[in-house]
Amino acid sequence: MIFVLTGAGLSAESGLGTFRDEGGLWSRYDLADVATPEGFARDPARVHAFYNARRANCRAAEPNAAHLALAGLEAALGDRVEIVTQNVDDLHARAGSRRVIAMHGHLMQALCHACAARWPAPETMSPEDSCPRCGATATRPDVVWFGEFPHHMERIEAALARASRFVAIGTSGSVYPAAGFVAEAQRRGIPTLELNLERTGSSALFDETREGPATRVVPAWVEEMLATA
Ligand code: APR
């Protein structure tokens, strides 16, 4: 089974910002203010405004050739591909991928932090919104913030334990636990490949790094996988 980990670089060419590149989101916003439970408790209106803007960008964006190539790989190989994404955009799904584990949640969904109900996020969310199920004014974006636990970790660890190949696409390898997956793959002795615009701080942990934009290097890699499948 091919374990594919994707990060913000996969959606960069769809026009969605990355976090740590030149001009990335964390160079324009203090992540403590907009991506932590403490930041949300301090100023929920500011956090909702941040995610309302990201949701509008996401709605206006289209999946790119890399998302489509990964959907094609899954269409051909089925459960022999497992995509784990750190991204909260819905571009994998809109490209046709069905088997995606979203470990950092979903930007286009809302969550009630009183009763844990989830529903499609409205265009704009505000602190005054009430939960459609329990009525509490306790709605938040359904995304995992720093200091919170990523979702589906058991499923992810089970997939990593079954993987015969590990590929990381468009991620800087800065944030755990995702940043630790390649070391686990190395420990298991399976081939590891990094597809990224440039070498990263984790490149030394990979057998191979292919440098280039995702819309070029991902379709080329998928063709290679399909030719040898
Ligand atoms: N093609 C391929 N890779 C690209 C492209 C591109 N067109 N553009 C940028 N990249 C690469 C950058 O070189 C970088 O290594 O994408 C990576 C983006 O890194 P980050 O901005 O750190 O994004 P990511 O690794 O996904 O961040 C992980 O951090 O803030 C949290 O929860 C957030 O999920 C995110 C996590």
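Ligands are counted one by one from 1 in listed order, and the atoms in each one are counted from 1 as well.
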May I ask you to list the atoms of ligand 1 that are less than 4.0 angstrom from any heavy atom of Pro213? 1 (N)
Quick one: which of Thr215, Val218, Leu195, Asn196 has a heavy atom closest to atom 15 (O) of ligand 1? Asn196
Take Ser14 and Glu62, measure what side chain to side chain donor-acceptor pair (under 3.5 Å) needs, and give me the verdict at the end. CA-CA 6 Å; Ser14 295; Glu62 291 296 328; over 6 Å; no
Option set Ser172, Ser203, Gly7, criterion heavy-atom distance to atom 19 (O) of ligand 1, minimum: Ser172
Ligand 1 atoms in contact with Ala214 (distance to a heavy atom under 4.0 Å): 1 (N), 2 (C), 6 (C)
Rounded to the nearest 0.5 Å, how far does OG1 of Thr6 lie from CD1 of Ile101? 11.0 Å
Residue pair Ile83 / Leu70, side-chain heavy-atom distance below 4.5 Å: yes
Arg188 side chain vs Leu160 backbone, donor-acceptor pair below 3.5 Å: yes
Answer with side chain, backbone, both or neither: which part of Val175 has a heavy atom less than 4.0 angstrom from an atom of ligand 1? side chain
Applying a 4.0 Å heavy-atom criterion (strictly less than), which segment of His104 is in contact with ligand 1: side chain, backbone, both, or neither? side chain
Arg133 side chain to Cys115 backbone, donor-acceptor under 3.5 Å: yes
For atom 30 (O) of ligand 1, grab the closest protein heavy atom and report residue, atom and distance to one decimal in Å. Trp26 NE1, 2.8 Å
Among protein heavy atoms, which sits nearest to atom 9 (C) of ligand 1, and what does the distance come to when rounded to 0.1 Å? Asp21 OD2, 3.1 Å
Provide the number and element of each atom of ligand 1 under 4.0 Å from a heavy atom of Glu13. 1 (N), 6 (C), 7 (N)
How far is atom 3 (N) of ligand 1 from the closest protein heavy atom, and which atom is that? Leu197 N, 3.2 Å
Say whether Asn52 and Arg55, considering side chains only, have a donor N or O and an acceptor N or O under 3.5 Å apart. yes
Would you say Met125 and Thr139 make side-chain contact, with heavy atoms under 4.5 Å? yes
Examine ligand 1 and decide if any of its atoms is less than 4.0 Å from a heavy atom belonging to Gly24. no
Ligand-side contact atoms (ligand 1) for residue partner Thr200, heavy atom cut-off under 4.0 Å: 15 (O)
Under 4.0 Å from a heavy atom of Phe146: which atoms of ligand 1 are those, numbered in the order shown and with their elements? 30 (O), 31 (C)
Heavy-atom closest pair, residues Phe19 and Arg54: CZ-NH2, 3.6 Å
For the student: nearest non-hydrogen atoms of Val218 and Ile169, plus distance: CG2-CG2, 3.7 Å
Would you say His106 and Asp90 make side-chain contact, with heavy atoms under 4.5 Å? no
Write out the residue and atom name of the closest protein heavy atom to atom 27 (O) of ligand 1, then the distance separating them to 0.1 Å. Arg20 NH1, 3.0 Å
What protein heavy atom sits nearest atom 23 (O) of ligand 1, and how far away is it? Ala8 CB, 3.5 Å
What is the minimum heavy-atom distance between Ile190 and Ser164, and which atoms define it? CB-O, 3.6 Å
Provide the number and element of each atom of ligand 1 under 4.0 Å from a heavy atom of Glu198. 13 (O)
Taking the six-membered ring of Trp145 as reference, does the cationic atom of Arg140 (NZ for Lys, CZ for Arg) lie under 6.0 Å from its centre and within 45° of its axis? yes
Contact partition for Ala12 relative to ligand 1, non-hydrogen atoms under 4.0 Å: side chain
Nearest non-hydrogen protein atom, atom 25 (O) of ligand 1: Thr171 OG1, 2.7 Å
How far is atom 10 (N) of ligand 1 from the closest protein heavy atom, and which atom is that? Gly9 CA, 3.5 Å
Atom 17 (C) of ligand 1: closest protein heavy atom, distance to 0.1 Å, is Gly170 O, 3.4 Å
